[in-house]
Number of protein chains: 4
Amino acid sequence: MLNLGVIGCGSIGRDHVERLTTTVAGGRVAGVFDVVPEACRKAVADFGLDAEIFASAEAMIDSPKIDALVVCSKNDVHLAPLLHAIKIGKNVLTEKPLTTSAAESRQVVEAELAVGRRFVQVGFNRRFDRGYLQLKAIADSGQIGALLLANCRHYNAAPATSYYRTDDVILDTFIHEIDVMHWLFGENYASIEMKLGRRNSLNPAPDLDEPQLAIIELASGALITVEININCQYGYDIQCRLVGERGIASLPDVATPEVRLDGRIYHAIDPSWTSRFVDAYNSEFLAFIHATVDKTPLAGPSAWDGYVASIAGEAAVTSLHERRKVDIVIPDKPALYA
Amino acid sequence: MLNLGVIGCGSIGRDHVERLTTTVAGGRVAGVFDVVPEACRKAVADFGLDAEIFASAEAMIDSPKIDALVVCSKNDVHLAPLLHAIKIGKNVLTEKPLTTSAAESRQVVEAELAVGRRFVQVGFNRRFDRGYLQLKAIADSGQIGALLLANCRHYNAAPATSYYRTDDVILDTFIHEIDVMHWLFGENYASIEMKLGRRNSLNPAPDLDEPQLAIIELASGALITVEININCQYGYDIQCRLVGERGIASLPDVATPEVRLDGRIYHAIDPSWTSRFVDAYNSEFLAFIHATVDKTPLAGPSAWDGYVASIAGEAAVTSLHERRKVDIVIPDKPALYA
Amino acid sequence: MLNLGVIGCGSIGRDHVERLTTTVAGGRVAGVFDVVPEACRKAVADFGLDAEIFASAEAMIDSPKIDALVVCSKNDVHLAPLLHAIKIGKNVLTEKPLTTSAAESRQVVEAELAVGRRFVQVGFNRRFDRGYLQLKAIADSGQIGALLLANCRHYNAAPATSYYRTDDVILDTFIHEIDVMHWLFGENYASIEMKLGRRNSLNPAPDLDEPQLAIIELASGALITVEININCQYGYDIQCRLVGERGIASLPDVATPEVRLDGRIYHAIDPSWTSRFVDAYNSEFLAFIHATVDKTPLAGPSAWDGYVASIAGEAAVTSLHERRKVDIVIPDKPALYA
Amino acid sequence: MLNLGVIGCGSIGRDHVERLTTTVAGGRVAGVFDVVPEACRKAVADFGLDAEIFASAEAMIDSPKIDALVVCSKNDVHLAPLLHAIKIGKNVLTEKPLTTSAAESRQVVEAELAVGRRFVQVGFNRRFDRGYLQLKAIADSGQIGALLLANCRHYNAAPATSYYRTDDVILDTFIHEIDVMHWLFGENYASIEMKLGRRNSLNPAPDLDEPQLAIIELASGALITVEININCQYGYDIQCRLVGERGIASLPDVATPEVRLDGRIYHAIDPSWTSRFVDAYNSEFLAFIHATVDKTPLAGPSAWDGYVASIAGEAAVTSLHERRKVDIVIPDKPALYA
């Protein structure tokens with residue numbers, strides 16, 4: 001039974017605390033920390049945790065009662081606990097993005113390289129989604145040939161908060177496609193160009209420009225288009241289509257019953273990312289727990305993958321601000337991440 | 001240009017007059033007859049026909065201005081014009097059912113056998129539907145193996161008229177499945193049992209018991225279930241699924257755009273049989289016209305097929321009335337219909 | 001952490017031991033028993049269990065180290081451990097069927113009634129499948145109106161063992177539909193008739209007659225048809241379609257990527273029941289564990305449900321042997337199972 | 001019965017001659033012309049035409065035996081017969097593209113403006129396809145809100161001829177999307193940028209660079225991406241998806257039977273444009289014939305639409321050659337085409 005310390009007991013932190021307590025085997029929440037102490041007390045009470053409330057992330061990371069960490073704090077305070085956990089030598093599952101800049105993400109990579117071992121698994125949970133895994137298997141099997149094109153859409157019915165801004169769309173939302181397409185293609189990005197389409201009149205946020213269209217070139221010349229639309233109104237809709245030399249493979253819609261009623265054949269769309277990817281979250285945690293307990297190498301997205309996503313995400317923000325295509329330069333991958 | 005005489009200018013008669021006038025090549029409406037003369041005058045006026053209004057079906061059949069006939073009169077008055085046309089030696093496309101009894105249908109067969117040539121094509125239009133034709137090709141290809149089971153559903157949103165009665169469901173509606181399954185399986189029926197399910201409280205007709213469930217045994221032992229439901233409310237929905245030893249083939253839904261809206265992924269269901277099978281009707285007429293003009297054998301459902309459907313339909317009515325399984329005995333097929 | 005004793009460490013027993021050890025939270029395998037002691041040793045070794053190997057099911061049930069039981073032994077030896085666990089007052093999750101006869105299943109019900117509490121959850125795992133749960137919610141919402149008809153198919157690519165016999169098809173395979181349709185309709189069965197279709201020439205077992213077609217009448221007059229075909233060759237294919245007065249709701253196919261290749265648009269079919277229902281199994285165990293730990297009433301299929309399935313299953317076997325429709329008489333449901 | 005003169009009896013010319021002779025009502029092939037006289041003789045013989053073979057397109061246009069024209073000659077010789085027919089005052093249905101340059105297309109528009117009447121219907125047949133018409137109706141209904149984004153793909157299994165060159169992909173293939181998206185959006189284009197992706201190693205033509213990706217901006221700021229891939233190997237696959245403020249509408253796949261076989265659920269893809277759009281071709285001809293016979297305004301794509309497509313097509317070619325975004329400037333639409 002792995003004793004986990006959870007940093008950040010806010011919205012997704014609570015989801016993960018509940019998951020660890022009620023659903024997935026092999027781990028338990030043994031410690032919690034949040035900059036808002038009330039959030040810790042509430043999590044302990046709501047989920048009946050037998051867990052210590054720590055006064056700081058650092059104290060919890062240092063505690064002998066804690067075997068590994070889960071980082072669910074705000075994006076801009078991931079760096080310090082990650083570096084500390086690596087220094088102490090404890091595994092960490094951190095929510096995405098790894099950090100909010102390529103420079104910070106580079107520090108995490110450097111810290112792992114200095115020790116010569118991976119400690120960090122980044123919460124790019126799609127890599128544990130059954131559909132994406134099947135897509136990866138099809139692409140890798142060679143049956144559709146070398147990949148030439150891809151299309152994604154990342155549509156949310158509405159932004160998670162009313163304070164969402166244009167850049168957040170890239171670093172919080174589009175970052176998922178940035179990681180998963182890099183993984184599916186298995187090659188580096190060469191450039192990115194972001195375009196703003198016609199503004200949705202139902203988008204209530206003045207500082208939020210979208211839909212956004214990304215055009216990504218890969219090293220091989222393959223092209224990916226991604227539509228990001230977080231006010232699509234109708235549901236949470238994630239699509240991914242890979243076009244190879246001989247055929248196409250596409251992520252399926254979520255399976256829900258077909259209903260024939262009132263002149264229509266319909267099925268329900270998943271309303272939110274929490275339900276859409278609940279199985280992927282569970283698998284992600286099981287993978288992290290089993291690897292940590294068994295002392296086998298972490299299998300999920302690495303600090304390097306988080307770093308690559310940071311580089312590409314920064315290029316996307318630059319493209320959006322400067323309205324031009326921006327080159328993406330990825331350094332050589334260290335052997336640790338081969 | 002084939003000069004056609006149309007007997008019956010009521011609802012489906014008008015559809016066919018319009019089809020011959022505006023849509024399909026090779027034929028023209030040169031004569032019309034209806035027991036209600038006003039129906040003829042209205043058809044001529046509405047579709048701008050250059051056609052003679054005849055005083056009787058017989059006179060029209062006899063007229064040298066008429067090359068071939070289309071019978072769209074009520075089901076119970078098909079026999080006389082069919083026999084007369086065969087006697088005169090003119091081809092006839094008759095709406096289904098061939099007649100309303102096996103004994104009458106037998107007379108049509110006997111008349112053709114006496115001449116030694118086929119003159120009658122029965123309007124079982126599904127045999128000209130693209131989906132059914134593809135299903136037939138798949139079944140005949142052997143790829144799914146010998147047929148073991150089948151399921152059909154014949155659902156109408158609501159009955160065509162408020163006077164619909166229980167037996168009509170068999171002779172007007174279910175008769176389509178009786179013919180098309182006989183054709184798809186390519187073997188004779190052995191027995192039929194009709195069951196009445198729970199009555200739909202939205203069915204307004206006191207003399208109409210449905211939904212009905214038919215269980216048909218074929219000579220090989222294969223089993224077909226057919227659901228007939230003419231108050232299904234939601235649309236016109238025709239399904240057919242063939243289960244073979246290695247696989248299954250199913251009739252597709254009509255292709256309509258997929259819409260994602262309000263938490264649903266939906267596409268429209270065709271509301272009625274006229275639009276659902278419009279292409280099949282057009283192909284049925286083109287096949288009849290081309291065969292008649294080219295003096296090649298009629299290719300569609302024959303008088304024999306109509307006779308077989310009458311025998312099975314009568315057995316179904318008996319089963320419904322007597323609440324028991326009824327054997328279906330089909331005579332040997334004459335060489336003319338091989 | 002609930003200490004579970006697993007009775008039967010054969011095929012599905014091993015699956016459940018693995019599930020409890022690696023996947024689902026809240027329980028651990030603390031004891032094992034099997035009539036083949038080697039099966040216990042192998043399970044302990046293969047899954048690294050910290051578990052006691054007991055000399056008898058009874059000894060394990062009695063042991064203070066064991067909080068609750070999981071019965072995975074052969075169908076015909078479920079009764080004794082169930083009765084003993086009820087006597088001792090420990091919860092039991094038993095694989096389906098509850099027992100192999102209505103008389104034995106009645107004994108389990110009587111034992112619970114004598115204590116006045118439910119201890120048994122039957123492993124009709126489909127009630128925990130997301131698709132079936134959504135179907136149930138749609139049916140219960142009233143949007144499609146009262147249920148009139150239903151269709152199921154239960155197709156396996158090939159039987160699990162080569163010794164499968166005709167009756168097993170009912171008690172091992174079809175028993176799932178018997179339970180789940182009873183649950184979906186929420187009313188009692190009135191009669192059942194089994195029919196044998198044309199034999200599949202690819203069925204290698206001489207004592208196995210199938211495909212089988214079941215026609216079930218419910219108390220309301222609604223009709224269910226079920227096709228059971230365990231040599232369908234192409235995959236594991238479970239379908240369920242509910243027809244109401246206003247519309248239809250159908251269980252979805254498993255979501256797998258769409259591939260366009262070689263003139264076809266295809267997606268993969270799940271090959272087996274273990275993968276098809278893996279999530280349902282996990283949810284079933286989580287529900288049992290949480291209810292047992294929280295001392296709340298068991299939520300899944302009860303001994304009563306298992307008894308009803310036994311009655312209907314026996315009627316189905318009689319129908320198959322005697323080639324006639326057999327009435328199903330379900331006693332009044334005791335208040336304990338309301 | 002409309003007497004039609006067909007200019008060009010090569011591949012698609014023969015298709016249309018056959019269509020007019022065997023399938024669609026209201027017109028007949030009364031005259032033919034081809035620069036290769038043998039093509040005329042072959043068409044007359046193969047389809048049993050009662051038609052005059054003319055020595056020149058001009059002579060046929062002038063002939064009192066000919067009521068209207070169908071232009072199926074090579075793209076670069078459309079202009080002269082179009083101008084002559086307009087001068088003579090006869091309607092013309094011309095295959096797409098209208099001409100091969102914006103300057104030539106402008107001449108056709110000017111000729112019609114000079115007379116003050118439309119004579120030309122351009123063979124952008126997709127506007128008569130059921131799926132596109134339904135898509136148009138959904139977009140125009142407002143149910144999905146203002147259009148923000150769109151995606152198309154135009155995939156051919158292989159190029160029609162081995163001599164296909166890069167620019168042909170735009171003027172022969174992509175021109176269909178250029179027209180149909182202009183029609184669906186109902187607004188003018190603002191710019192276009194063509195990108196070349198990774199070359200398909202299965203593309204045998206050295207002078208054919210593809211797949212191509214087009215990014216089109218509309219006057220409103222809406223963005224369209226179009227993938228053109230004429231070596232996709234797996235079939236003929238036309239997709240179109242409109243993203244509005246509230247929802248999405250997509251062109252359906254062609255309906256073909258679902259087959260479950262060998263672990264897959266599949267349906268066939270249409271192999272070629274001739275079968276995919278056969279109904280659209282028939283409807284296009286019926287619309288042209290009925291409007292011409294009834295002397296009502298031509299309803300299909302006009303010379304103006306053909307001109308707009310020429311302007312956008314030229315911009316696309318420029319973009320491809322110069323590797324940059326190219327503005328599209330569409331003049332004000334004359335009242336004749338409102």
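Bear in mind the structure is a predicted one, so any value in this text is a computation, not a measurement. Within every chain, numbering begins at 1; the chains are lettered A, B, ... in the order of the sequence lines, protein sequences first and strands thereafter.
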Original post:
Quick one: are Y234(B) and I144(C) in side-chain contact, heavy atoms under 4.5 Å?
Top reply: no

**OP:** May I ask you to name which of N229(B), V243(B), N231(B), L218(B) has the most heavy-atom pairs under 4.5 Å with chain C?
**Re:** V243(B)

**OP:** Go through the atoms of N151(B) and report whether side chain, backbone, both or neither lie under 4.5 Å from a heavy atom of chain C.
**Re:** side chain

**OP:** Verify the neighbour count for atom CZ of R323(B): are there more than 12 heavy atoms of other residues, nucleotides or ligands below 6.0 Å?
**Re:** no

Subject >> Proximal component of L202(C), with respect to chain B [non-hydrogen, under 4.5 Å] >> reply: both

**OP:** Using non-hydrogen atoms and a 4.5 Å limit, figure out which bit of R153(B) sits close to chain C: side chain, backbone, both or neither.
**Re:** side chain

Original post:
Any idea which of R246(C), Q233(C), R199(C) has the most non-hydrogen atom pairs under 4.5 angstrom with chain B?
Top reply: R246(C)

Subject >> Contact summary for P211(B) and L149(C), nearest pair of heavy atoms >> reply: CB-CD1, 3.9 Å

Subject >> Taking every non-hydrogen atom, the tightest pair across A222(C) and R198(B) >> reply: N-CB, 3.6 Å

Original post:
Roughly how far, to the nearest 0.5 Å, is the NZ atom of K325(C) from the CD atom of E193(B)?
Top reply: 8.0 Å

**OP:** Select, from G235(C), G244(C), G197(C), G145(C), the one with the greatest count of heavy-atom pairs under 4.5 Å involving chain B.
**Re:** G197(C)

Original post:
What distance separates T225(C) OG1 from L223(B) CG, expressed to the nearest 0.5 Å?
Top reply: 11.0 Å

Original post:
Side chain of E245(C), backbone of S201(B): donor and acceptor closer than 3.5 Å?
Top reply: yes

Original post:
Any ion pair linking R241(C) and E227(B) (charged N to carboxylate O, less than 4.0 Å)?
Top reply: yes

Subject >> Interface moiety of I215(B) toward chain C, non-hydrogen atoms closer than 4.5 Å >> reply: side chain

